[in-house]
Amino acid sequence: MAVAERTPVIVVEDLTARFGDYTVFEHVSFEVYAGEILVILGGSGCGKSTLMKHMIGLYKPYRGRVLVHGVDVNTRNEAELRRLRQAIGVAFQGGALFGSLTVAENIALPLREFTDLSQEDIDLMVKMKLGLVNLAGFENFLPEELSGGMIKRVGLARALALEPTVVFFDEPSAGLDPITAAELDQLILDINAGMGTTMVVVTHELQSILTIAHRVIMLDKSARGIIAVGDPRELKEHAADPRVLAFFRRQPLSRLTKDA
Amino acid sequence: MSSQSAARSRTDSSGGFSVQATGEPGQAVTFAVSGHIALATLPPLKSRLTSLLNHYQPAALTVDLAGVTYLDSAGALLLVELEEEARARGITFTLAHASEEVQKILGIIDRQALTAPPLKVEEKAGVVEKVGAATLKFVDDLVEVTVFVGDLCLALMYSVLHPRQVRWGEVGFYMRRAGVGALPILGLLSFLLGMVMAFMSSLQLEQFGATLYVSSLVGIAMVQELGPLLTAILVAGRSGSAFAAEIGTMMVNEEVDAITVMGFDPIKFLAVPKVLASMLVVPLLAVYATFFGILGGLLIGVSLLDITMYSYILETRKAIALFDIISSLVKSAVFAVIIAGLGCQRGFRVRGGAEAVGAQTTAAVVAGIFLIIVVDSLFAVALHYIR
């Protein structure tokens, strides 16, 4: 990626998340650039998912703001908000498919609600999206008839239904076997390369991070914020912070600090 | 990275498109498509291309994409569709000046997927098949209910024989939830019911100068019928539904599986405390409701009908026999078993997800109220002969 041409798609400004008296993170600022795959990583409880929920507008920030395409995700302008929501796709951890609808109906739902496409065109779009996630032919299955990996892929197809420019992934490879997880990683890479979709991925699966991330930001619970930004392969070798090294080398923090 | 991908990432989907056709009808024709080709512009662009295609009927079609500033996968799908359409009509089709970005998007569209037949075809059942399926389901349902009733009876009997093995803490918890929680609403409802009954009946009895009998009318009605019935219906709505939803959600979350695997019997573990709690608390609630109903009648009698409090209470006491009170307690306990048992049974039947929890919760309340009224009528007949 040429640095000179980076266009920020998402801007997080001085974001502070607080539940009651508990501050999850504070003064977090960073940008996500067009076409990149940014991975938000960190240990359990560091606020990765909280950060993502702020970025998609599910949580209101205690302080600071998040702009997607220059629009505040907590805007009160209905028209802006609607456009924003259609520019964002979210692939939830457990798929979040509607259990009473078939795969095709799940994917068609946003198309039916937000576009003027005819039923015929919607059917074709659904087939196209299913092809995109390698699930051609699964239209009439109910979510309960699918495996975990398939559910995640249908969730991704639904997230892509309205041709979003940004897609968020919450733990895409969590709970999947290595082969299925690798397939999902490849899918993320293919879609990013093919459609130039900007992607924000929350995960702590080391293998996935090294495979898919163009850039990572690492959160830390004790620091209550970002402790590292950069290329994961570089961080793995040259990070100065022992917490970052411990994460990438998959070692207990105590051992690393003792060695140092 | 070219400027195109930057443009593609823009959220602005209002950008327009244009199509310029050059060439002679029936010959080689070029459609120069330019602008923003995206999901939002799909329907107008599609109809424009189709009408151009019909108008020119070309022998060879070239689609020039030099002017395309934005293309998403929906737009790419349209180009693929156009190509398929052209091919079907025997037109030679070529894409010209497709940028690298455009080619990439076209590349990710899996053409075989577009025509792949569904792996599972929904079969439309005929009337006979539907009736048959419904009958079989009803029989299954009946078998399941019977099995559950048997299991529950065995579990209850076991609990009576081994009272130490009952989870009394849970029983207390559900007694509070189903009993204490229902006190305010039940008290208010039965008080108002007593008042209304006294007032309405006094209008009729006044014509015969028999307003004193309002007290025995309200008393008998509340003790024999309305107290237990109102209580049962209220508990079915408040607690029967809660039991079904609670166990149903546990089914969905595999908690019931965990209970089974740990070596507990789900019926003893989950259903028995709820049923026992209801059996203990619903008769008490019925007494409470009856008391408040009579109190409501008393208020009307004393304030509007010139009956003294002493004579109202005396008349009420004369009208109510001990037999009535005991039979109403027994009846309430039976209602309690129906409400709690049905709630639990419906909960255990939940398969799938959120929708099934809702459906079974509804079923628990509806079937519960239905059965309460059926059993109440049976009691009315039976008690008449026993008396």
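Just so we're on the same page: letters track the sequence lines, and every chain starts at 1. Excluded from the calculations below are hydrogen atoms, water molecules and symmetry mates; all remaining heavy atoms, backbone and side chain alike, are included. All figures in this text were calculated on a predicted structure; none of them were measured in a lab.
- For chain A, the nearby part of E81(B) is the side chain; its heavy atoms alone come within less than 4.5 Å.
- Contacts between P118(B) and chain A at a heavy-atom distance below 4.5 Å involve backbone atoms as well as side-chain atoms.
- Although no hydrogens or angles enter the test, the distance criterion places a donor-acceptor pair under 3.5 Å between the side chain of K127(A) and the main chain of A116(B).
- The neighbour count for E84(B) CD, taken as heavy atoms of other residues, nucleotides or ligands under 6.0 Å away, is above 12.
- Neither the backbone nor the side chain of V80(B) comes within contact range of chain A, judged by heavy atoms closer than 4.5 Å.
- The environment of K130(B) atom NZ is sparse: at most 12 non-hydrogen atoms of other residues, nucleotides or ligands sit within 6.0 angstrom.
- Put simply, of K129(A), E144(A), M128(A), E145(A), the one with the most heavy-atom pairs under 4.5 Å next to chain B is M128(A).
- Annotation: side chain of D121(A) is not in contact with side chain of L77(B) (no heavy-atom distance under 4.5 Å).
- D231(A) CG: more than 12 foreign heavy atoms inside a 6.0 Å radius.
- More than 12 heavy atoms of other shown residues, nucleotides or ligands fall within 6.0 angstrom of atom CD in Q119(A).
- Under the 3.5 Å distance criterion, the side-chain polar atoms of E163(A) are matched with a main-chain donor or acceptor of A74(B).
- Highest contact tally toward chain B, considering only A104(A), S100(A), G137(A), G70(A), is held by G137(A) [criterion: heavy-atom pairs under 4.5 Å].
- In this structure, E254(B) places its CD atom where only 12 or fewer heavy-atom neighbours from other residues, nucleotides or ligands lie under 6.0 Å away.
- You'll find the side chain of L39(B) reaches within 4.5 Å of the side chain of M125(A), heavy atoms only.
- For I191(A), no part lies near chain B; criterion is any non-hydrogen pair under 4.5 Å.
- Looking at heavy atoms from C-beta onward, L117(A) lies in side-chain contact with L42(B) at the 4.5 angstrom threshold.
- The shortest distance between side-chain heavy atoms of L119(B) and F141(A) falls below 4.5 Å.
- Residue contact with chain B, scored on non-hydrogen atoms closer than 4.5 Å, involves the backbone and the side chain of L124(A) alike.
- Counting only heavy atoms from C-beta outward, the side chains of D72(B) and M195(A) never approach each other to under 4.5 Å.
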